[in-house]
Structure formats: C-alpha cells, structure tokens
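In what follows, a single structure is set out as structure tokens and then discussed.
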Amino acid sequence: MTNAELTDIAKRWFASKSWTPFTFQQEAWEAYLSGYHGLVNAPTGSGKTYSLVMPILLEFLNEQAASGATKKSRAGHGLRAIWITPIKALAREISNSAQKAVDGLGIDWHVKLRTGDTSSAEREKMKKSPPEFLITTPESLQLMLAQKGYAKFFENLRAVVCDEWHELMGSKRGVQMELALSRLKTVCPQLKVWGISATIGNMDEALQALLGSSHVRGKYKVIKSDIKKAIEVESVLPDTVEKLPWAGHLGTNLIDKVIPIIKNSKSTLIFTNTRSFAEIWYQRLLDKAPELAGIMAMHHGSISRELRDWVEDALHNEQLKAVVCTSSLDLGVDFRPVETIIQIGSPKGVARFMQRAGRSGHQPGALSKIYFVPTHSLELTEAAALREAIAIGLVEDRIPYIRSFDVLIQYLVTLAVSDGFRQDEIYPEIKGTFSYSSVTDAEWKWLLRFVTTGGAALTAYDEYRKVEIEDGVYKVKNRMVAMRHRLSIGTIVSDSSLQVKYVSGKYIGTIEEWFIARLSPGDVFWFAGRNLELVRIKEMVVQVRNTKKKAKAVPSWQGGRMPLSSQMSVMLRKKLHDVTRKGEKEDVELNFLQPLMDLQKRRSHLPTKNEFLIEYFKSREGYHVVMYPFEGRAVHEGMGALLAHRLAQITPITFSIAMNDYGFELLSDQEIPIYEAIETDVLSPDNLWRDIQASINSVEMARRRFRDIAAISGLVFKGYPGHQIKDRHLQSSSQLFFDVFNDYESENLLLLQAYEEVMDFQLEEARMRKALERINNQKIIITEPTKPTPFAFPIMVDRMREKLSSEKLEDRVKRMQLQFDD
DNA sequence: GACCTGCTGCGGTTTG
C-alpha cells in the first residue's frame, strides 16, 4: 500500500464519522508516513490528536500488509507508540480518541493508560505484555526507564508523540522528556519523534528542543494548522472613569457590570489570577446574585480533585451556569465549550489570554468572545494591548531550560537504577539533546563523580555514594537507594500544605500552614465556596465543619509571581505611545482613559515611545524617585536594586524599593541625587552582572532557589507517600547543602545552577539588559510633580499595603485620593 | 465592614 492509499483509508474513515479531516491533518499523515519527524502546530479543539494517531495506525497497517500477515490473534505486537501528555485528565481523553480510531480502522491493538493512578497489578501486567499504544506522562515514562529490562520493553517502539509540547518545553518536565527521548532514540533506531504544540513565539526552538541535534541529520517537518480563530475582546467599563480605582487588584467594584453578563449567557467561565480572588469573587457574586446559588461553582488547584471533577462534569452536562476559576481550567482538557469568558484583571500574557478566550466558541471558525474586567484604571491599557497583540499574532516564547544539572543527575541515577549505564554510551546521547549540548567533558566527569561519590564536599558520607561502577557499568546496587529514587522521580516540587477535611473525613482541599496558624478553633473561614468552622488541627489535617456563621478570613496561597510578559510590555508601551497622539483612538479603552491620561500629563508627563519618564518628588514620607520601564515586576525588582546600589555609590543613601508591573519606586528620607545620577549613566547596561550581584542578596536568593534543585537532584529525600517531610525540614536540609557547597565546593554544578536560575528566572537578566539598552536610547524626561500622578499611585499603594494594616491603608488611600482633584 | 495578588502540573514503599 502506498501512503496515498493509506491516507485514503483514513479519509474514508473520517467521512463515515461525518468529520472532514483538515489539510493540516492530511499533511501530518503524509509527512509521518514518509518517515519524517516533526511538530504539528495546531490549537486545542482542532482534532490535532487524529493528525498523529491516524498515521501511527496506518503505518502499522502498511507493515502488516507488506509482511503478508493476515488477521493475527490479538496483540503481541509489543509497544508501538507512546503518547505523552502533561496532564492525567488529558491522557484519559486521548485514550478515548485513540481507542475510537483503533476500533474505527479495525486494528488489533490495545490502548492503555499508564499514570500514577494505574494500579500496581495493572502495571505488572503491562510489563509482561505491553499494550501497543500507551498514553502516559513524562514522569511515568521516566519510571519505565527505571525498570529492569526497559530496552526490551521499548524495542518495538515506532513513535513517541509529545502532546502540548509548548507546555512541557518551558519547564524541567520538558528537559525530562528530552532525556528520555535521547535514550529511546538509541534503544529503537527506527523511532519517529513528533510533537504537538499550540502557537508560541519560538516555534523553531520548540522543534530543536524536541528533536535535539539529531534533527540536523534526520528529516523533519513543521505542519501548521490552517485553522484561524477570531477573538473579540470587550472591556467591561464603569459609567465614568472616576468609578475605577487608581490602584488595586481585586476588581469587585465592577461586579454589578459583571452579573448581567453572566445572567445573559448560558454558561460563563470567570478567570481570576489567584485562588484567593476566585474565592472572594465567588462569595461576592453569591451575595449580589443569590439566585446563582446551585448553578455556580468554583475551581482552583487547592480544591480536591474530587470536587474539581464534579465541577468539570457538571459544566460538561450543562448543569452549571458559571464557574469562577484560576488557570486550573485553562489547561488542555477539552470539555464542552462555554458561551462566555470573563477575565478579571490582567492575564499578564497574550498566550494565556488567547487560551482562555478559546474556551468559548470552540468549533473551528466560531468567534471566541472574552470580557476584560480591569481592577484599576491603568490596567485598561492592557486590554487594548492584548487586542492588538492578538491581531498581529504576537505571542510569548517558551524558553527551554538548559543545563539543569539537577534533572540530569536524577536521570543518570534512574538509568543506574534499572540496567545501569556505560558512560561512553550515554555521554553522546546527553550531548545530543538541546538542553545539554554545551556540557563539557569536565562537567560530565564532575557529574559522574557526583553520583558515585557525592562530589568533593560529600565524599565522606556513604549516603551520597549512590551509584557504583562495576565492569565499567554505572549501577545502583543498594535496594534502599533504588527504592527511594523511584519514589522521588519527577521535577515538580510541591510545597507541603495541610489537608482540609470535614470531621467526618471527607477531603475538601489543601491550605497553607501560615494561614491556618492565625486562626483558633471556632474561627470561621471561607474555602472552596463554603463557610467552614475550624474544629481542630490533627496530624497535618485541618478538621472543619459547615457553619452558618460568617467567615472572617479567606485563605490565600503563596504561589509564583507572574510578571507581565515581554510581549505584553512591548504592546503596552505602544498603546501608551498611542495615547500621546492627538485625536480619537481606535481602542475604546484609550478614549475612556483620556481624562486620566490628561491628568498624568498635567501633573507630570506622558512619555512617547522615544522617551523614558522619571518622576522625582517629595512627600510626607520622604523623597521619591519613580521610573516606568513597563517591563514587569521581575525586571523592576532587579532594576530597583541596581539603581539603589549605583546611587549609593554617588552618596551614602538607603532606600526602600517598591515595584509593580509598570514601574518601580525608590524612597529615601534624604534628597536623591537623581540629576547627577542620570548624568553619570546610572541606567547603563555596562557591568550589569557585577552590579546586580553587588546590589541584591544573591546568596539568599540562590539559597531559596536551591530547595527545588536539592529535591530534584535527590540530595534531600521528600519522604514516603503519605508521610511527606515537613516544608521547614526540607528547606533547612537543602540550605545545609547549599552552605556546605558554597563554603567548600564553589565549583559544584548544582550550586552554580542555583545562581544561574536566580539571574535567568527571578531577575530576568537578559530582559533587564535589553530594557536598559532601550532606555539608553530614549530621551530621559525628569519631572517634579507636586501631587501623586496616576502612574505613581498604584506603586505607592502597593508599598504601603505591605507595611500597613488594611484599615490604615484605606485611610491613607482616601487621603491621597483627596489630593487628586485639581 | 472593607480590604485583600501571586497559577499549573506528577509521582509514590516490590523482586530474584
């Protein structure tokens, strides 16, 4: 059978199901069947699964036909294809699609799932007779590499597909995949590697990371789907601009405008940026619109899986009219689309916003509509920025992790746990990955020494001699070491938290210790949309009961910061430039904000794209310098520290530093020599690395970062399932290692990695450098406003928020706002 | 009573 004939079969099959394959699917089939590796670029809901499931099955049909095989007895073909998904729920869904395709084409294959939920009996069965089609996660794949005789298990493998590759590649889970693939490519030379990815800014890099340097030798193709998605962005506006606060993040003062949107729609998802806000919004919506009780639900990552599943099912069955949620609902799972999407506050990134918008109008070609609810005035410019970014197709890059030695160490021990490895065989495989292509011979030797002896600092301790060398084979012989290692596979290090359960034992979700520590038995808090009374805390379990009493607290969780993406920064600056142009603007938001912008202009200045604004003023609090790079919090954090450091070189002076996504403020009780500083190039990118190191407490930041590195590399053991080691304990033992390395083995690669990660991810050094270069080419405008400006206000409020109790803050904000009328 | 910044994901006690 030729490829054309085969694709014909598939097309007929599609026709009988009354679906039409898209052009991109047919392209993918043909490329796959002609022996290419590649990447399919298609959005969720486009039937992207079939673009690769079909040719994998057809290839098998072709082979059967070529060998003259007739219908054989079931199975026994060995493992033929592995499908990797980042999420278990998605794995279930893929498994259904794959099963349908297998049945539809009448192919004699088993389709099986292998995740952490798979029973050990089932796993044993799979080891003995592998399914032909296996759907699994990166972690489970690594666990399979930790099995004895894995090479035999994988020997018939023809294809590995990495679904949602854009999700994986920007994390250490992606690196795990790169490593697994490097091994599988050797074990099965005829292996084809494919990825499926949503659109990202750096598609080429996505392909390189997936295929490694072997893509230079092999045949590869990028298949782009022809499906266009129309997205309409509508901002929810108050009646007048004065109704919007200048600062804040919650946005509930627009709740009366949000309720009609929910009521007029059959189904609505309301996305908030934090779990805490989801709780608050849910509560406020119920207060304002009690008729939503029973048809509205909430969904976030700290609510138990069981409750979340219920919500997802109810949404699917159209029993719910609205769900308040966090990103827990924007990941890959393709439930039935909803009619309306509402985004509360800035989504911080174009891709995230588009992903959420895409939850509505799911059919190809349908319009997706998303409402943007600003939480403070200036945030409205982000709506305009998002709209244009979508229009011109500007989406974020996903930066692949490189040189993550913690992941590599874990992988080497994994191989040593199963069949052992020869270093001269594995080294070239490692070098062939995107992530580790720059590893040097000396670094490789260090890694081998580390897994066998614990390295220079730990040589004296037997515990860290995990791997032994026997006839040139690196092997783990100690059963305890092997078991603990299998228990620790993975790169997600979660914070330990307390379980919240009813006294009866029913599990509701998790909460952080510091929050519950503020409460006493009898106190009432609001969680998972319920009023819960704290009964007692017993062995890491918070026992609660339902109550009618009013809650006095809403939990919050300490998650990652999400700075404004650089693509958003670019568009935001463009929109602010647009504001400076005369006449009616294209974006309603900008016209709406015009009075506020005029005020900013009167009190200070509105910078054009060629200008950089600095405000210098004195208040009761002291002397303020505020700068507006619009580069996101992370960059401003570093830039603020950098500037404080360089100013202190001119004159002895100390500052308190505050920042948000738009700018940062230095506050001092003495006059700040800002004019002199600008003269002396205080914003120069020269000596950036050196000055940053001198200005921030990089040791402390790296030490904190080291917690995850220590856990992933296996230096610290996270505990047995159900008996997690306490967070504080994990933190302190990893700090111990950090300090030992810092003092006695400064060339330790894990230690160096911690410092690198601080620069790359915490401070976004590369982005800061670019920003400084840009600023150096801009005209610097220093104004001395006599009253706080709309630009400065939110930064100042955020600073006070950290220091003052909320009551005092409110007074303060009122007093400041009084000064605004001029 | 108003005020709240800080997301998501997986894995797991057993072996010749």
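For the numbers below, each heavy atom of this structure counts, side chains included, while hydrogens, waters and symmetry mates do not. Letters A, B, ... mirror the listed sequences (proteins, then strands); counts begin at 1.
A:Lys48 and A:Asp163 are joined by a salt bridge, as a carboxylate oxygen and a charged side-chain nitrogen come within less than 4.0 angstrom of each other. The existence of a salt bridge linking A:Glu382 and A:Lys348 is excluded, since no basic side-chain nitrogen approaches an acidic carboxylate oxygen closer than 4.0 Å. The pair A:Lys172-A:Glu757 meets the salt-bridge criterion, with a side-chain N (NZ, NE, NH1 or NH2) lying under 4.0 Å from an Asp/Glu carboxylate O. No salt bridge links A:Glu764 with A:Arg633; every basic N to acidic carboxylate O contact stays at or beyond 4.0 Å.
Following rounding to the nearest Å, A:Gln147 (CD) and B:dG11 (P) show an atom-to-atom distance of 14 Å. As a whole-Å value, the separation of A:His300 NE2 from B:dG9 P is 12 Å. Following rounding to the nearest Å, A:Asp708 (CG) and B:dT8 (C1') show an atom-to-atom distance of 14 Å. One can place CG of A:Leu329 at 10 Å from P of B:dT8, the figure rounded to the nearest angstrom. What separates NZ of A:Lys88 from P of B:dG11 is a distance of 5 Å, to the nearest Å. Rounding to whole angstrom units, CH2 of residue A:Trp526 and P of B:dA2 are separated by 15 Å. Taking atom CD1 of A:Ile712 as the reference point, atom P of B:dG9 lies 17 Å away to the nearest angstrom. A straight line from CZ of A:Arg398 to C1' of B:dG9 spans 12 Å, rounded to a whole angstrom.
Using a 4.0 Å heavy-atom cutoff across all strands shown, A:Thr375 reaches no nucleic acid atom at all. In this structure, A:Arg356 reaches neither bases nor backbone, as no heavy-atom distance under 4.0 Å exists between it and the strands shown. At a threshold of 4.0 angstrom between heavy atoms, the contacts of A:Thr137 are confined to the sugar-phosphate backbone, with no base atom among them. No engagement by A:Thr272 is indicated, since no non-hydrogen atom pair under 4.0 Å with the nucleic acid exists. Residue contacts shown for A:Arg484 are absent, as no nucleic acid heavy atom lies under 4.0 Å away. Counting any heavy atom pair closer than 4.0 Å across all strands shown, A:Gly116 reaches sugar-phosphate atoms only and no base atom.
Closest to the side chain of A:Arg561, from the set B:dG9, B:dG11, B:dG6, is B:dG6. For A:Ser494, counting side-chain heavy atoms from C-beta on, the closest listed nucleotide (B:dC10, B:dT8, B:dC7) is B:dC10. In the set B:dG11, B:dG9, B:dC7, the nucleotide with an atom closest to the side chain of A:Arg308 is B:dG9. The side chain of A:Thr326 has B:dC7 as its nearest neighbour among B:dC7, B:dC4, B:dG9.
Taking the six-membered ring where tryptophan is involved, the planes of A:Phe525 and A:Phe515 are perpendicular, since the angle between them exceeds 60° and thus also 30°. Using a 30° and 60° split on the angle between ring planes, A:Tyr662 and A:Phe630 fall in the tilted class, from 30° to 60°. Ring orientation note: the planes of A:Tyr282 and A:Trp526 are tilted relative to one another, at an angle of 30° to 60°. Using cut-offs of 30° and 60° for the angle between ring planes, the A:Phe793 and A:Trp246 rings count as perpendicular.
In this structure, B:dT8 is classed as anti because its glycosidic torsion departs from zero by more than 90°.
Between A:Pro555 and A:Lys552, the residue whose closest nucleotide on DNA chain B is further toward the 5' end is A:Lys552.
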Show each protein N/O and nucleotides 13-16 of chain B N/O combination with a separation under 3.5 Å, one pair to a line.
| unit_1 | atom_1 | unit_2 | atom_2 | d |
| --- | --- | --- | --- | --- |
| B:dT13 | O4 | A:Pro721 | O | 3.2 |
| B:dT14 | O4 | A:Ser120 | OG | 3.4 |

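No donor-acceptor distance shorter than 3.5 angstrom exists from the side chain of A:Ser129 to the backbone of A:Met126, with no hydrogens or angles considered. Of the possible donor and acceptor atoms, none in the side chain of A:Thr137 sits under 3.5 Å from a partner among the backbone N and O of A:Pro86. A:His166 contributes no side-chain N or O that, together with a main-chain N or O of A:Ser197, makes up a donor-acceptor pair within less than 3.5 Å.
Between atom CD1 of residue A:Ile370 and atom CD of residue A:Gln343 there is a gap of 5.5 Å, rounded to the nearest 0.5 Å. To the nearest 0.5 Å, atoms NE2 (A:His636) and CD (A:Glu665) are separated by 13.5 Å.
Side-chain N/O atoms of A:Ser140 include none lying less than 4.0 angstrom from OP1 or OP2 on B:dC10.
Residues of residues 276-285 of chain A having a heavy atom closer than 4.0 Å to DNA chain B, listed by number: A:Ser276, A:Phe277, A:Ile280, A:Arg284. Within residues 165-181 of chain A, the residues approaching DNA chain B are A:Arg173, by heavy-atom distance under 4.0 Å.
Counting distance only, with no hydrogens placed and no angle test, the side-chain atoms of A:Arg275 and the base atoms of B:dG6 include no donor-acceptor pair under 3.5 Å.
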